[in-house]
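Have a look at the structure below before the remarks.
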Amino acid sequence: MDSIQATKIVERVADLPLYLHAYAFHLNMRMEKILPEDLLNIASKQHLKGVKIHVVDGESQSLRHANDERLARFAAKAHQLELDVHIETSASDAATIDEAVQIALKSGATSVRFYPRYEGTLSDVMETIAKDIQYIKAQYQHSGLTFTLEQHEDLQSHELVQLVQQADFPQLSLLFDFANMINANEEPLDALAVMGNEITQVHIKDALITHEGEGRGHTACISGQGELPFKELLLQLICLGENKPQVTAFGLEEEVDYYAPAFRFTDEDSNPWIPLREMSETPLPTYGLDERLNKEIVDAINQIRYVRNILSDINKDAVNVIQK
């Protein structure tokens, strides 16, 4: 940590915009034990800035299935609790984006996250995604929403940067996930260095790396028990932006037991085949469901505490640098 970084950290860390992420409660939401409105209560109780919610979180009680009246009540509750809302979806085609945007606008959200899920050669997939982005730009550039493209296990950092930079779409930026670059055969800090100028949002989690032939997968785990450079990633992300913080939302995405396989490999050619992938899901346990649901809630709350402790340590380090 140098003196410039230390100054930024001391100025920024106390008001770091931490967001509750619905995936931290994925199994409970699959069982409809926790619903989108409940996330607002949890975020408020934990003194967080906002929530990140997928359109399908809560199954039959998800925002996808909410009528306009319920979405309006949701928006009013978020406003009353002074919470920002981000909507997430897991594809980039027009119909998926249209649905997410309508939910976002009706629920008072400010941002929509998406990631592509296409099969084909890399060049064909990149062309299709670029067309999807141009659709979003043409339809929603002036909607008042911002959009983030998440690095989600199959595209590499330079490819994502290319998509954003070629789009000429100021409302579009990248969402950096702590682990998803592993599956694209990249290292976290290397990926951050490549993507850095385009990142405005983050998903915080930890993971164990699985070696799979010439590639690597990851299995998410309790924060602090994985193999990712957790503290250094946080430090560098906080420091993005010269005169003001570049990252405006850090999502607390504890997702213990989530697994994603290798998608990119060291021996692939220059135009590799990108396989089709399903949207992210963690399997429900085959036994001990109630215990697992309770543990998930404990893990999610513990992650908030763990991240805040790491931020406190980073701040202490920064103060020491400044005082030297």
Side-chain angles (χ1 to χ4, degrees), residues 15-22 36-37 39-40 43-44 48-58 62-116 129-152 160-161 163-176 195 197-203 240-241 243-251 253:
D15 296 318
L16 203 70
L18 296 177
Y19 283 61
L20 193 73
H21 198 293
E37 289 83 355
L39 295 176
L40 296 176
S44 178
L48 302 174
K49 182 176 180 181
V51 295
K52 291 177 172 288
I53 303 176
H54 199 285
V55 295
V56 303
D57 285 327
S62 66
L63 296 181
R64 164 178 282 175
H65 297 298
N67 58 25
D68 288 356
E69 182 181 354
R70 181 182 165 207
L71 290 172
R73 289 199 305 270
F74 183 91
K77 180 171 184 175
H79 179 73
Q80 177 190 4
L81 295 175
E82 298 182 344
L83 293 170
D84 187 27
V85 176
H86 293 176
I87 296 298
E88 301 197 347
T89 195
S90 296
S92 58
D93 61 279
T96 299
I97 295 298
D98 288 345
E99 176 192 51
V101 167
Q102 292 310 306
I103 291 170
L105 294 174
K106 292 176 181 179
S107 63
T110 60
S111 189
V112 172
R113 178 224 69 169
F114 66 93
Y115 61 88
I129 299 167
K131 291 178 180 177
D132 287 348
I133 290 173
Q134 288 305 307
Y135 173 83
I136 300 171
K137 177 182 174 182
Q139 297 295 317
Y140 302 117
Q141 181 173 10
H142 304 296
S143 65
L145 296 169
T146 61
F147 295 85
T148 53
L149 166 61
E150 181 176 358
Q151 120 237 42
H152 217 288
L160 292 158
V161 169
L163 286 167
V164 171
Q165 292 184 347
Q166 289 182 350
D168 188 26
F169 183 9
Q171 291 77 18
L172 176 67
S173 57
L174 292 178
L175 189 151
F176 180 88
M195 296 168 61
N197 289 338
E198 308 299 335
I199 297 169
T200 63
Q201 296 186 28
V202 174
H203 284 170
L240 288 179
N243 299 318
K244 64 178 182 179
Q246 184 176 307
V247 177
T248 59
F250 290 81
E253 193 183 29

Compute whether any side-chain donor of one residue and acceptor of the other, for Ser92 and Tyr115, lie under 3.5 angstrom apart. no
Heavy-atom closest pair, residues Gln141 and Pro170: NE2-CD, 3.6 Å
Considering non-hydrogen atoms only, spot the tightest contact between Leu145 and Ser111 and give its length. CD2-N, 3.9 Å
To the nearest 0.5 Å, atom CZ of Phe169 lies from atom OG1 of Thr146 at 9.0 Å
How far apart are the closest heavy atoms of Asp168 and Lys137, and which atoms are they? O-NZ, 2.8 Å
Run the numbers on Asp57 and Ser62 for side chain to side chain contact (heavy atoms under 4.5 Å, CB included), then give the verdict. CA-CA 5 Å; Asp57 285 327; Ser62 66; 5.5 Å; no
Heavy-atom closest contact (His54 atom, Ser90 atom, distance): NE2-OG, 2.7 Å
Looking at Thr248, is its backbone amide N or carbonyl O close enough to the side chain of Gln201 to form a donor-acceptor pair, meaning the two atoms are under 3.5 Å apart? no
Just by modelled atom types, is the Leu149 backbone N or O under 3.5 Å from a matching donor or acceptor in the Arg113 side chain? no
Donor-acceptor contacts, no H, no angles, side chain residues 73-80, under 3.5 Å, sequence neighbours left out:
{"residue": "Arg73", "atom": "NH1", "partner": "Glu69", "partner atom": "OE2", "Å": "3.2"}
{"residue": "Lys77", "atom": "NZ", "partner": "Asn41", "partner atom": "OD1", "Å": "2.9"}

Interatomic distance, Leu16 atom CG to Leu48 atom CG [nearest 0.5 angstrom]: 11.0 Å
Picking from Ile133, Ile136, Leu175, what satisfies side chain to side chain contact (heavy atoms under 4.5 Å, CB included) with Phe147? Ile136
Okay, side chain of Lys49, backbone of Ala249: is any donor-acceptor separation there less than 3.5 Å? no
Minimal non-hydrogen separation, Ala109 against Ile87, with atom names: CB-CG1, 3.7 Å
Using distance alone, with no hydrogens and no angle criterion, decide if Asp93 and Tyr135 have a side-chain donor and acceptor under 3.5 Å apart. no
Distance, nearest 0.5 Å, that separates CG of Asn67 from NZ of Lys106: 9.5 Å
Flag the pair Leu172 / Phe114 as yes when at least one side-chain heavy-atom distance between them is below 4.5 Å, and no otherwise. yes
Could you measure the distance from the CG atom of Leu40 to the CG atom of Leu83? Nearest 0.5 Å is fine. 6.0 Å
Could you grab the distance from atom CG of Leu160 to atom CE of Met195, nearest 0.5 Å is fine? 5.5 Å
Less than 4.5 Å apart, side chain to side chain, heavy atoms only: is that true for Thr110 and His86? yes
Step by step, would you call Ile97 with Tyr140 a side chain to side chain contact (heavy atoms under 4.5 Å, CB included)? CA-CA 10 Å; Ile97 295 298; Tyr140 302 117; 4.0 Å; yes
Nearest 0.5 Å, please: how far is CD in Glu99 from CG in Leu63? 10.0 Å
What residues, two or more places apart in sequence or in another chain, satisfy side chain to side chain contact (heavy atoms under 4.5 Å, CB included) together with Val247? Ile199, Val202, Leu237, Leu240, Phe250
Give the minimum heavy-atom separation between Ala43 and Val51, together with the two atoms involved. CB-CG1, 3.6 Å
